[in-house]
Amino acid sequence: MASSTRDNDAQRRGTEPLLISRRGFLRGTAGGATAIAVVAVLPAGCSAGYPQAASDGVTLRTLTPKEYAVARAAAEAFLADVPVQPSAVAQGIDAELAIAGDPMRTDMKTVLGLIEHLTLLGGRTRRFTALEPAARLAYLDTWARSRFNLRRGAYQALRGFVVYFAWTHPETRSLTGFAGAWPERFAIPAYPVDYGEIA
Amino acid sequence: VIIQGTDRREPVRDSADVVIVGTGSGGGTLGAYLAERGWAVVMVEAGGFFRAEDFTQREEDAMADFNGRRGLDSTTDNALFLNYAEAVGGCTVHYWGDSIRAPHDRLDQWRTMHGLDWMTPHDLEPHYTAIESELGVHITEEKLFNENNRLVRAGCEALGVHGEAVPTARVDCIGCGWTQFGCAYNRKSSQHITTIPRISKSGGRIYADARAETLLRSPDGRATGIEGHFVDRQTKQPHAAFRIDAPIVVLAGGALGTAEFLLRNTQDRVVGRRFYVNPHYFVWADFGRQIDNVGGIPCAYVVHEWRQVRRDARGEYAGGGYIMLSNHQSPGIAAVMLGGAGKTSTERMRAWRHFGSVMSVIDEDHPGRVFLGDDGIRRTEFRVRGVDALKAVDFLQNASRIFLAAGAREVIIPDVYGTVVRNENDVRTRIGLRSVQPNAQFAAGSHLLGTAPMGTDAADSFAGPTGEAHRIPGLYVADGAALPGSVSVDPSLTIMVAARWIAAGLHERQGRAGS
């Protein structure tokens with residue numbers, strides 16, 4: 001039940017491309033510094049160019065209209081036949097990042113900017129939000145399978161946010177069969193604990 | 001008394017025989033030992049104080065309320081999610097209660113390599129016995145095995161693989177399944193319902209929502225107390241200041257919290273240089289039928305077969321270096337872990353109740369590091385590399401074999417390549433290093449250790465064998481940071497035992513401090 005000789009050899013030779021990548025992800029790494037610099041010179045995206053937040057009636061807390069639009073478009077791509085509105089997912093991301101602060105906020109805003117504008121890396125000439133949902137998913141898959149850790153890390157971060165906010169939504173219980181947490185369903189008293197004084 | 005710091009708007013100045021930073025496995029154990037022997041104990045905890053009625057057992061609430069950085073912390077390259085808690089009770093609020101003693105070979109290693117002569121099974125026995133008694137540690141009852149645990153056990157038995165029921169820290173568990181979101185019934189023996197009430201009723205003062213920031217020192221360099229700020233429980237924004245004067249300062253804020261405090265207050269080059277996480281990879285198996293994978297307790301069964309590394313005649317890695325724990329997860333977290341996008345993701349979540357799962361606890365050879373970024377924010381680096389990557393692959397293969405032997409239709413390796421295995425040939429040909437490259441799949445670390453380790457060599461350790469810092473008299477470390485490396489099993493019980501040993505030494509040498 002040991003690992004194959006092929007894997008041992010590959011590891012020794014270092015021929016697995018992603019294992020030899022030393023680039024990191026976002027702040028604190030060379031690749032991340034570059035990514036942030038790239039995003040910094042990109043247009044922030046005014047509400048006229050990205051009307052999604054306004055049309056959804058959303059007052060954004062930390063995301064820009066462009067970042068909201070990217071998060072919403074990513075939710076449209078990642079979530080197929082899931083009974084949660086992509087706008088609800090994007091709003092959840094905005095609300096969470098407003099509270100979470102750095103480094104998560106800056107990292108995630110950078111990811112959203114990169115996904116929107118680096119479509120050429122995935123062989124597309126239009127921005128991410130301008131692609132059809134199926135094309136968006138194919139484009140995101142190029143990030144997922146990239147030989148560069150930075151791009152895979154960006155994909156995992158974006159995907160993680162989207163699916164987490166979608167599948168914690170109670171509407172999805174009809175798909176998963178999740179009955180809900182016990183405190184929602186049963187009145188079972190906790191064992192008493194004497195903490196002494198609580199001030 | 002327990003003080004809710006989130007409500008404090010006026011500065012606080014306090015003093016004690018000992019101030020303890022952190023209230024989890026290490027801090028709670030050490031604090032209770034000393035408080036019940038007459039020491040004046042003050043504890044500060046960066047997280048909030050939660051009771052059973054606060055635990056909704058909804059994952060989104062738990063993540064936001066008491067998971068470190070709201071459950072969003074990761075290594076700088078995002079490849080490993082870092083799972084830790086910030087709350088009164090520390091990581092024991094969300095731990096699974098697995099209470100496994102440190103293997104003798106690991107204690108041997110720590111004695112040999114780090115000079116920790118007291119880490120013998122004989123010397124530790126009274127501390128293990130006392131803590132196991134206090135926490136009600138016992139072998140998990142059969143009634144708390146859910147179907148996932150039974151399937152993992154069946155697969156192991158079919159293959160002749162060694163596994164066993166987990167010793168667990170619970171009393172009268174009702175098996176709701178959501179222990180990692182805080183026990184809503186006070187049945188799991190977390191520190192916040194065991195040692196913390198004892199400290200409080202012995203006259204100790206526990207400040208919640210209190211972030212320690214500055215180590216106070218006398219002109220001759222001795223630790224004399226700490227300063228910090230109370231913080232808003234949700235936003236973590238500081239408000240009123242506090243100062244605690246004490247001749248003994250004990251750091252027990254976990255491998256991240258203790259390292260961050262020391263990085264901000266010392267120039268010690270050992271701090272954060274080694275950071276162990278026991279990388280967790282996850283395998284999911286579709287049994288094509290609804291199984292009860294979320295009742296009982298997540299981990300009633302542990303697979304020990306591959307804990308030690310095996311080498312061939314040439315000394316090359318030939319397998320092992322990890323244990324496996326049965327695993328179950330709530331829908332949101334499972335969706336993240338399961339991988340896939342679009343229809344693939346949705347189909348997997350539709351089958352969520354059909355899935356069994358196990359996770360790895362890899363005994364890594366290559367630790368990462370903790371450091372402060374140029375922006376002053378604490379960061380972590382960790383790369384699963386070299387032989388550790390081979391261990392991860394070996395885990396994925398052997399976990400797949402266990403589930404296939406238990407009757408799974410197919411096993412999902414949740415990588416970005418959509419790897420699925422249905423037979424032994426698939427196991428050998430489809431699972432390889434590309435699946436464990438950073439960010440090729442969700443991976444995590446929750447056994448955070450070793451960032452301010454004990455040892456006799458002052459050039460290679462932060463604290464001596466007593467837990468006292470080599471270079472700062474009066475400053476002690478008594479948490480996961482103090483352990484010199486991976487325990488190779490769940491470390492919580494070993495952290496408690498080490499903290500109790502350090503407390504006993506303090507009490508024996510000094511009696512009641514200040515008296």
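Letters go in sequence order (proteins before strands), and every chain restarts at 1.
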Does [X] reach the main-chain N or O of [Y] with its side chain, forming a donor-acceptor pair under 3.5 Å?
| X | Y | value |
| --- | --- | --- |
| B/Arg58 | A/Ala181 | no |
| A/Thr176 | B/Trp352 | no |
| B/Arg70 | A/Leu97 | no |
| B/Arg69 | A/Ala100 | no |
| A/Tyr195 | B/Ile196 | no |

Side chain / backbone / both / neither for [X] at chain B, heavy atoms under 4.5 Å:
| X | result |
| --- | --- |
| A/Pro189 | backbone |
| A/Ala144 | both |
| A/Phe161 | side chain |
| A/Glu76 | neither |

* Minimal non-hydrogen separation, A/Arg159 against B/Ala335, with atom names ->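 Heavy atoms only, the tightest pair is NH2-O, 2.9 Å.
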* Asked: Minimum heavy-atom separation for B/Phe49 to A/Ile198, with atom names?
  -> CE2-CD1, 3.7 Å
* To do: Would you verify whether the NZ or CZ of A/Arg145 falls within 45 degrees of the ring axis of B/Tyr417 while also being under 6.0 Å from that six-membered ring's centre?
  => no
Does [X] reach the side chain of [Y], with side-chain heavy atoms less than 4.5 Å apart?
| X | Y | answer |
| --- | --- | --- |
| A/Thr168 | B/Met63 | no |
| A/Tyr191 | B/Asp172 | yes |
| A/Asn149 | B/Arg383 | yes |
| A/Trp167 | B/Val336 | no |
| B/Met349 | A/Thr172 | no |

Interface residue of largest heavy-atom contact number with chain A, from [options], under 4.5 Å:
| options | result |
| --- | --- |
| B/Pro331, B/Ala52, B/Gly71 | B/Pro331 |
| B/Gln57, B/Arg187, B/Glu59, B/Arg353 | B/Arg187 |
| B/Gly332, B/Ala351, B/Ala341 | B/Gly332 |
| B/Ala208, B/Ala64, B/Gly339, B/Cys183 | B/Gly339 |
| B/Thr235, B/Val294, B/Ile174, B/Asp374 | B/Ile174 |
| B/Ser345, B/Ser330, B/Gly320, B/Ser200 | B/Ser200 |

* To do: Sort B/Thr346 into side chain, backbone, both or neither according to what part of it lies under 4.5 angstrom from a heavy atom of chain A.
  => both
* Please look at B/His192 and chain A and tell me whether the side chain, the backbone, both or neither of the residue comes under 4.5 angstrom of a heavy atom of that chain. => both
* Check B/Asn439, B/Val416, B/Asn78 against A/Tyr155 for a side-chain contact (heavy atoms from CB on, under 4.5 Å) and give me the one that passes. => B/Val416
* Straight-line distance of B/Lys343 NZ to A/Leu137 CG, nearest 0.5 Å -> 10.5 Å
